[in-house]
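For reference, the structure discussed in these notes is given below.
Values below: all heavy atoms of this structure, side chains included; hydrogens, waters and symmetry mates excluded. Atoms within each ligand, like the ligands themselves, are counted from 1 in listed order.
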Amino acid sequence: MLVLEKEDMKSLKGEKVKIFTGNANPQLARDIAAYLEVPLGKAMVGKFTNNEIAVKIEENVRGTDVFVIQPTCHPVNDHLMELLIMMDALSRSSANTITAVVPYYGYAKQEKKTSGREPITAKLVANLMTVASADRLIVVDLHAPAIQGFFDIPVDNLYSLPVMVNHFVKRGLTGSNLVVVSPDAGGVARARTFAEKLQASLAIIFKRRPRPDVSEVTEVVGDVSGKVAVIVDDMISTGGTLVNAANALLARGATKVWAAATHGILAGDAINIIGNSAIEEVVVTDTIPIPAFAREGKFVVLSVASLLGEAIRRNYFHMSVSKLFT
Ligand code: R5P
């Protein structure tokens, strides 16, 4: 929970601001609207018989600052198109500004060419969003922070880290008996900050991907023997990275393994694979809806609704959002 100072408490009630959502994560949108004490805007977002996305904004938005909440999670293409078409409709309805609030940015892993004749789909998505009239983007834990530079509009890349750290502190998982582990070289900066906040040591796993969606641990750097390990990642897709990392840590003497990842994509059989693993608990956020049966198992879901709500409120009032990064 964010701790706010009195002068920060300006309310959005009665302001010229509206919040809309597509079908990607209506519960998160409702939670953000509840945090901000504003009703969700009325819109029909469905499909024509021919499967094309159908959108109708059902209230006046002329001159209004509009925020559209829509993670581009599974089914990614439908949710992306819903967002683009909603922004097009809002722009043609004379909204004053349009902010795309995309808690999970799909296609972020395709942010560079790793071999010849590949696309850079994360950049294509950025182009599509701006062509569809986005004036600003709010995201959480972009897979590659450099994706911010794919946009020529302001991007607020929020971190779930404070919400996550708070959870581990409450569980008493801090101190020198704890080691925070990055499951790949790309996640070292995130894991280092996590380790600092939990006063833990740091270890790094090196992995390789022999083919898409398959990962293998090649090396573990850092002392994990006799320690409780927390693997920190930005997303869990197939669960392969996480489970392989946990097995490698236990084989090197870690006593227990926890995990934290912002985006629970949980593709394919990930929930069962993780459920059957030796991992004690997996902490994710609600940037993407997490199925009820996962919540009954090893998954703990923390909400980023107040974090996103604050980012919306602060943007509307032209207040600094820096506070949200600490
Ligand atoms: C990779 O760079 C990411 O940070 C995650 O480690 C990866 O996307 C997880 O994918 P999976 O669960 O399919 O191994």
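Annotation for H74: atom NE2 does not count as buried by contact number, only 12 or fewer foreign heavy atoms lying within 6.0 Å.
Side-chain contact check for K227 versus L178: every heavy-atom pair is 4.5 Å or farther apart. Residues D141 and Y104 fail the side-chain proximity criterion, which asks for heavy atoms closer than 4.5 Å. Considering only heavy atoms from C-beta on, I53 stays 4.5 Å or farther from F48 through its side chain. Between T99 and V66, the closest side-chain pair of non-hydrogen atoms is not below 4.5 Å.
Ion pairing of D65 with K18 is absent here, as no side-chain N (NZ or NE/NH1/NH2) approaches a carboxylate O to less than 4.0 Å. Contact check on R208 versus E216 returns a salt bridge, with a Lys/Arg side-chain nitrogen under 4.0 Å from an Asp/Glu carboxylate oxygen.
Only the side chain of D233 comes within 4.0 Å of ligand 1, judged by heavy-atom distances. Contacts of K207 with ligand 1, taken as heavy-atom pairs under 4.0 Å, involve the side chain alone. With a 4.0 Å heavy-atom cut-off, ligand 1 is reached by the side chain of D184 but not by its N, CA, C or O.
The closest approach between a heavy atom of D234 and any atom of ligand 1 is below 4.0 Å. Not a single heavy atom of R190 sits under 4.0 Å from any atom of ligand 1. A heavy-atom separation below 4.0 Å is found between G239 and ligand 1.
Among all protein heavy atoms, the one lying closest to atom 14 (O) of ligand 1 is T241 OG1, 2.5 Å. Scanning the protein for heavy atoms near atom 8 (O) of ligand 1, the closest one is K109 NZ, 2.6 Å.
The heavy atom nearest to atom 11 (P) of ligand 1, considering only D141, I236, T238, is found in T238. Distances from atom 7 (C) of ligand 1 to the heavy atoms of H143, H263, R209 put R209 nearest.
Going from atom CE of M235 over to atom OG1 of T262 covers 9.0 Å, rounded to the nearest 0.5 Å.
Considering backbone and side-chain atoms together, D213 places no N or O closer than 3.5 Å to any N or O of ligand 1.
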